[in-house]
Amino acid sequence: MGLKEEFEEYAEKAKTLPENTANENKLILYGLYKQATVGPVNTSRPGMFNWKDRAKWDAWKAVEGKSKEDAMSDYITKVKQLQEEAAAAS
């Protein structure tokens, strides 16, 4: 299985993470996913009253400069970590 296929598999697995997954971890996944699929941030930062989209934009901006392959690899690692934490907590 290639990196792209594994990334897509873990993107599906990420959807099954528990509801109580910390927002900080969700934002990390979001930023890595966007970097892996879109590349560098290509939109302007949302206004300060749009806090949810602003946090997502900031998470994406935080991984700017990472290659798509590195972002995919880091995403897979993070999903595995969160799955293990969820399994240990149940």
Side-chain angles (χ1 to χ4, degrees):
M1 179 185 306
L3 180 61
K4 188 169 183 353
E5 291 78 17
E6 188 177 8
F7 170 75
E8 289 168 356
E9 177 186 327
Y10 277 89
E12 286 303 310
K13 289 181 179 183
K15 295 176 186 174
T16 66
L17 289 170
E19 286 290 318
N20 64 351
T21 300
N23 278 341
E24 178 185 330
N25 287 322
K26 290 178 184 176
L27 288 170
I28 290 168
L29 288 177
Y30 177 84
L32 290 170
Y33 183 86
K34 292 294 277 187
Q35 187 70 18
T37 58
V38 178
V41 174
N42 59 3
T43 60
S44 56
R45 189 174 192 219
M48 67 177 163
F49 296 110
N50 192 349
W51 59 269
K52 186 176 179 181
D53 287 341
R54 189 178 177 108
K56 289 164 78 174
W57 188 93
D58 288 346
W60 185 9
K61 184 76 172 171
V63 294
E64 192 173 50
K66 221 180 246 294
S67 72
K68 287 188 175 192
E69 293 75 19
D70 284 349
M72 285 182 195
S73 181
D74 289 355
Y75 182 93
I76 292 164
T77 301
K78 188 67 177 175
V79 172
K80 286 179 181 176
Q81 175 198 342
L82 294 172
Q83 285 179 318
E84 288 168 10
E85 289 174 8
S90 60

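Sequential numbering from 1 along the given sequence is applied to the chain's residues. All values below were derived from every heavy atom in this structure, side-chain atoms included, with hydrogens, water molecules and symmetry-related copies excluded.
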Can you see which heavy atom on Met1 is nearest to which on Glu9, and at what distance?
CE-OE1, 3.1 Å

Report the distance from atom CG of Leu82 to atom CG of Leu29, rounding to the nearest 0.5 Å.
5.5 Å

Under 3.5 Å: donor-acceptor pair, side chain of Thr77, backbone of Ser73
yes

Within this structure, what is the NZ-NZ distance for the pair Lys68 and Lys34, rounded to the nearest 0.5 Å?
11.0 Å

Keeping the roles fixed (side chain from Trp57, backbone from Thr43), state whether a donor-acceptor pair exists under 3.5 Å.
yes

On a heavy-atom basis, the closest approach of Leu27 and Ala59 is O-CB, 3.2 Å

Using 0.5 Å steps for rounding, measure from the CG atom of Asp58 to the CH2 atom of Trp51.
13.0 Å

Does the distance from a Lys or Arg side-chain N to an Asp or Glu carboxylate O, for Lys4 and Glu8, drop under 4.0 Å?
yes

Rounded to the nearest 0.5 angstrom, the CG-CD distance for Asp74 and Gln81 is 11.0 Å

Which atom names give the shortest non-hydrogen contact between Glu64 and Pro40, and what distance separates them?
OE2-CB, 4.0 Å

What one should report as the nearest heavy-atom pair of Gly47 and Arg54 is C-NH1, 3.4 Å

Glu5 atom CD, neighbour heavy-atom count above 12 within 6.0 Å:
yes

Exercise: identify the closest heavy-atom pair between Asn25 and Lys78
OD1-NZ, 2.9 Å

Is Glu6 reaching over with its side chain to a backbone N or O of Ile76, donor-acceptor style, under 3.5 angstrom?
no

Euclidean distance, Lys66 NZ relative to Leu32 CG, rounded to 0.5 Å:
6.5 Å

For Val79 and Lys13, which heavy atoms make the closest approach, and how far apart are they?
CG1-CB, 4.3 Å

Looking at CG of Leu3 and OH of Tyr75, how far apart are the two atoms once the value is rounded to the nearest 0.5 Å?
13.0 Å

Indicate the ring-plane relationship of Tyr33 and Phe7, choosing parallel, tilted or perpendicular according to the 30° and 60° boundaries.
parallel

